[in-house]
Amino acid sequence: MNLSFWLNGKLCNDEVEPGMMLLELLRTKGCYSVKCGCETSNCGLCTVLMDDRPVLSCSVPALRAEGKKIVTMEGMQKEAEEFGSFLADEGAEQCGFCNPGFIMNIFAMERELTDPTEEEIQEYLAGNLCRCSGFVGQTRSIRKYLAYKESQKKEGIRE
Amino acid sequence: MNYVSRPVRKKDAMALVTGKPVYTNDLAPKDCLIVKLLRSPYANAWVEEIRTDNASRVEGIAAVFTYKDVPQNRFTLAGQTYPELSPYDRLIMDPHLRYVGDTVAIVAGETEDAVDKALKRIKVKYRVEEPVLDMHKAKDGPILVHPEDNWEAKVPVGADNRRNLCASAVEESGDVDKILSECAYTVDQTYHTKANQQTMMETFRTYCYMDYFGRLNVVSSTQIPFHVRRILGTALDIPSSKVRVIKPRIGGGFGAKQTSISEIYPAFVTWKTGRPSKILFSRYESQISGSPRHEMEIRVRAGADENGIVRALDVYTLSNGGAYGEHGPTTVGLSGHKAIALYRHTEAYRFAYDVVYTNVQSAGAYRGYGATQGIYAVESAVNELAHKMGMDPVKIRELNMPVQGGPLPAYDGVCKTAASCTMDQCMERAKEMMNWDEKYPCRDMGNGKVRGVGVAMAMQGSSIAGIDVGGASVKLNEDGSYTLGLGCADMGTGCDTILAQMAADCLETPLDNIVVFGVDTDISPYDSGSYASATTYATGTAVVNACRELREKICSLGALMLESDPANVDFDGEYVYAGENKVSLRDIAVRGTCGNTQELQVTQTYSSPISPPPFMVGMAEVEIDKETGSAKVVDYVAVVDCGTPINPNLVRVQAEGGIAQGIGMALYEDIQYSKKGVIRNNSFMQYKIPTRLDIGDICVEIKGSYEPSGPFGAKSVGELVIDTPCPAITEAIYNATGVRVRELPATAEKIAMGMLKNRLEK
Ligand code: FES
Ligand code: FES
């Protein structure tokens with residue numbers, strides 16, 4: 001079946017099988033940042049943005065992307081670098097395999113929550129598993145990143 | 001020193017955080033055949049008849065293989081130095097199926113759909129036999145897991161396939177029974193740890209292709225590239241020289257990938273068909289056919305005198321190896337050695353063990369490697385001992401812990417004494433961080449919740465003494481940069497960076513001037529791999545030695561250019577000086593490419609005769625709901641002595657990650673079987689690993705020591721950090737509720753039932 005959707009700002013037209021999941025389609029289209037860690041929608045590794053909302057691409061049929069804007073980390077390289085440098089400065093990127101899904105969900109969180117409390121952050125990201133870092137390093141990096149973003153905003157206002 | 005002991009960023013960090021295609025499945029050629037396995041539905045069965053013709057006829061199927069097609073050499077998948085202590089008990093496929101998930105057939109095809117269809121069309125007639133699922137019934141039982149005649153133990157480890165024994169031994173020093181009988185206080189308890197999955201986020205995966213020399217190229221998510229090469233040679237019955245193994249970035253391992261779980265299948269397909277192929281284990285397959293931690297039941301008899309001095313320890317471990325013997329004979333050793341050594345006054349000990357075969361998923365290596373199980377048991381027994389004598393569990397440890405220069409009972413085969421040890425400082429600091437004196441034993445929070453605190457010590461090793469080999473090769477490039485070639489496997493731990501930090505300091509050059517390369521068995525220096533907490537310590541020493549020698553070579557060529565005697569020159573990383581004259585590294589590097597006869601490359605190999613232990617103290621504060629019994633870690637503090645921390649950030653994250661895994665093992669994770677041997681916990685739905693909501697606050701500090709035998713004074717850290725949560729958390733639960741959980745995980749049900757029982761007894 002024909003599918004047309006926006007992938008990282010570009011309009012795509014693809015022939016896809018009805019059973020195909022978005023995760024598979026994105027990887028065949030070269031978006032290798034999108035990872036798969038389970039078959040039960042439990043790990044969050046496959047998180048991408050669909051019309052600015054985070055979705056688990058492993059459990060979204062590709063055809064559901066019809067007319068939608070899909071963004072993967074390939075489309076947010078600058079932002080990934082910006083947040084990623086905070087993660088890297090904690091050494092908490094570790095094996096990196098969970099990073100793209102986790103970071104995409106942070107971007108979604110940023111859009112959805114203003115000034116989130118620590119609890120809200122943990123709840124929002126609860127579906128993003130990580131087996132390497134023990135999470136606390138990730139949390140430190142989020143805190144520092146959000147503080148940095150806040151200070152940037154303030155500076156912007158002053159200017 | 002510029003980089004060592006500094007929290008520099010990992011060299012691969014930015015590629016990882018921006019989602020670059022650096023993992024096995026990102027790199028696999030698009031025309032790979034998809035390889036999948038037909039797996040046994042039975043725990044103990046024989047393939048009586050297997051028909052694959054219908055499967056082969058499915059459009060897009062390139063090959064279907066069964067046990068009839070594979071070589072008959074038995075081998076082990078354990079990534080260990082040859083001759084492996086693990087018995088040779090595997091074939092690529094065997095008509096005898098020994099656990100639910102064992103391989104019945106290999107199917108390779110152009111698309112996943114075709115392969116799935118073909119899998120359904122294979123017709124198998126099984127002769128189903130009674131399995132042995134209970135490890136207590138395995139030894140000398142009527143059901144043999146490995147009745148075959150060509151089963152072989154390469155090394156005498158007390159293994160006997162006719163008795164379902166994968167290993168068995170008794171080690172003794174002094175008269176344990178006599179000393180125990182003299183002790184004022186004794187405990188005699190049995191502790192049971194379950195099999196746990198490493199659940200690295202990247203499941204097992206490998207792709208293979210043939211090159212223009214007719215060699216089999218294997219790209220795999222592995223911790224043991226060189227062992228994989230040898231294992232594939234044996235399994236496929238081809239010379240290892242025909243095999244090349246490449247390790248890209250790995251999405252976690254934790255020991256799972258110290259066993260060659262996925263490689264043999266695509267390797268066999270590509271070797272037979274000549275076509276590139278790949279296998280990706282699903283999470284389901286990783287759960288039912290991986291290489292989890294050995295289930296162990298450990299009986300501890302411990303005795304102390306009236307002053308709290310622990311005088312004798314008697315440890316018996318029954319370890320469940322499952323269907324195949326990978327890492328069975330070796331993991332069990334740590335359950336005694338690394339636990340008994342924590343008590344320096346031990347006058348007599350006995351350590352006995354049996355590792356048995358059963359018809360469950362084969363166990364393997366998981367961070368901690370038996371020490372985790374043994375330390376849970378012995379630390380719990382000592383906690384029980386402390387309560388018996390009315391002593392603070394911290395106090396009994398202060399009296400008995402390892403001290404610098406002091407003995408390490410049962411560990412003296414690989415380390416006579418603790419040359420570096422700050423366990424006392426670790427304890428002191430942990431106490432402060434936890435506010436132990438105020439919180440011990442518990443606090444009623446007044447809202448139906450009670451919080452208890454618990455403590456445990458741990459140690460591990462740094463490489464396998466006299467066996468592990470670290471390799472490093474350093475060369476000076478034309479532009480004055482260096483390439484550091486490694487054979488160990490960075491699996492996210494950051495060893496590529498840590499080793500580059502060492503090299504940068506040795507060569508007095510910026511970290512960015514060091515290019516790290518690894519791993520390709522054709523190019524990298526031999527290294528036994530990343531396991532046994534070996535990399536920083538053993539490979540690190542190889543790096544230091546190689547850099548030292550390369551400096552000499554640089555000086556020698558510099559001296560030649562300066563027309564001076566090599567003995568009279570100095571090198572500061574930028575220039576070689578001979579008195580007033582100097583020549584730059586850059587010029588020496590260029591000179592190295594023109595009319596040069598002196599190689600500017602050094603390879604060094606290192607193996608340590610000792611395995612100096614890193615130490616740590618862990619303390620948990622756990623909140624228990626008095627109604628439901630559910631336990632939650634609110635605070636975990638840990639203080640680590642890893643010698644010199646080469647990269648404090650990475651030490652800390654290793655510790656945080658290990659503790660989180662330990663929390664999972666203590667409270668949630670359990671591989672359970674049905675009566676027929678089917679795993680119930682075959683996905684993240686049923687196998688719960690901790691999420692960020694489950695781990696509370698983890699606070700790690702480092703109390704470094706200086707290990708004289710280590711590079712820059714370093715010891716290991718990677719495995720140690722998973723060892724304290726089980727005993728510390730169960731002790732905290734005891735202090736909060738009076739319930740002693742001796743079988744992990746400490747689920748709400750067990751705690752609630754325990755509280756009920758205690759109430760009824762009162
Ligand atoms: S792959 Fe695990 S949630 Fe999508
Ligand atoms: S960094 Fe390895 S799983 Fe998160």
Inset, instruction - Quick one: pull up CD in B/E202 and NZ in A/K35 and give me the separation to the nearest 0.5 Å. - result: 8.5 Å
Legend entry - Over all atoms of both residues, closest heavy-atom pair of B/D26 and A/Y32: OD1-O, 3.8 Å
Inset, instruction - Identify the heavy atoms of A/F135 and B/T691 that sit nearest to each other, and give their distance. - result: CE1-C, 3.4 Å
Inset, instruction - Could you look at A/Q138 and say if it's the side chain, the backbone, both or neither that has a heavy atom under 4.5 Å from chain B? - result: side chain
Legend entry - Top of A/T40, A/T139, A/L45 for chain B proximity - count of heavy-atom pairs under 4.5 angstrom: A/T40
Inset, instruction - Check for a donor-acceptor pair, side chain of B/N649 on one end and backbone N or O of A/D89 on the other, with a separation under 3.5 Å. - result: yes
Legend entry - Contacting region of B/Q198 [heavy-atom separation from chain A under 4.5 Å]: backbone
Legend entry - Gap between atom CZ of B/F254 and atom SG of A/C132 - 0.5 Å precision: 3.5 Å
Inset, instruction - Could you tell me whether the side chain of A/L129 reaches within less than 4.5 Å of the side chain of B/F684, counting heavy atoms only? - result: yes
Inset, instruction - Return the option, out of B/P21, B/G252, B/S282, with the maximum number of heavy-atom pairs under 4.5 Å with chain A. - result: B/S282
Legend entry - Flag side-chain contact, heavy atom, 4.5 Å: B/R652 against A/R140: yes
Legend entry - Close approach to chain B in residues 57-79 of chain A, criterion heavy atom under 4.5 Å: A/M73, A/E74, A/Q77
Inset, instruction - Pick one of side chain, backbone, both or neither for B/I659, based on which atoms fall under 4.5 Å of a heavy atom in chain A. - result: neither
Legend entry - Under 4.5 Å from any heavy atom of chain B - which part of A/F83: neither
Inset, instruction - Just give me the residue among B/A660, B/A655, B/G19 that pairs up with chain A most often, heavy atom to heavy atom, under 4.5 Å. - result: B/G19
Inset, instruction - List the atom of B/R205, the atom of A/C36, and the distance in Å for their closest heavy-atom pair. - result: NH2-O, 4.3 Å
Legend entry - A/I103 to B/V17 - nearest heavy-atom pair and separation: CD1-O, 3.5 Å
Legend entry - Spacing of CD belonging to A/Q94 relative to CE belonging to B/M201, to within rounding of 0.5 Å: 13.5 Å
Legend entry - Part of residues 118-128 of chain A lying next to chain B, heavy-atom separation under 4.5 Å: A/Q122, A/E123, A/L125, A/A126, A/N128
Legend entry - A/E17, CD atom: more than 12 neighbouring heavy atoms under 6.0 Å: no
Legend entry - Leading residue by heavy atom contact count with chain A [cutoff under 4.5 Å; candidates B/I663, B/L280, B/T203, B/N25]: B/N25
Inset, instruction - May I ask you to decide whether B/R249 forms a salt bridge with A/E93, counting only side-chain N to carboxylate O separations under 4.0 Å? - result: no
Inset, instruction - Look at A/C95, A/G134, A/G96 and state which one has the largest set of heavy-atom pairs under 4.5 Å with chain B. - result: A/C95
Inset, instruction - Step through the shown structure and confirm whether more than 12 heavy atoms of other residues, nucleotides or ligands are within 6.0 Å of CD on B/E59. - result: no
Inset, instruction - To the nearest 0.5 angstrom, please state how far the CG atom of B/L16 sits from the OG atom of A/S33. - result: 12.5 Å
Legend entry - OG on A/S85 to CZ on B/R9, rounded to 0.5 Å: 5.0 Å
Legend entry - Student check: side-chain heavy atoms of B/P690 and A/R131 closer than 4.5 Å: yes
Inset, instruction - Over all heavy atoms of both residues, which pair between B/M14 and A/A88 is shortest? Give the atoms and the distance, please. - result: SD-CB, 4.4 Å
Legend entry - Nearest non-hydrogen partners of A/F97 and B/Y23, listed with the distance: N-OH, 3.2 Å
Inset, instruction - Would you check if the side chain of B/R283 reaches a backbone N or O of A/G37 as a donor-acceptor pair within less than 3.5 Å? - result: yes
Legend entry - Atom OH of B/Y668: over 12 foreign heavy atoms under 6.0 Å: yes
Inset, instruction - Pick whichever of B/E656, B/R692, B/K30 has the most heavy-atom pairs under 4.5 Å with chain A. - result: B/R692
Inset, instruction - Flag yes if more than 12 heavy atoms outside B/K117 fall under 6.0 Å of its NZ atom; otherwise flag no. - result: no
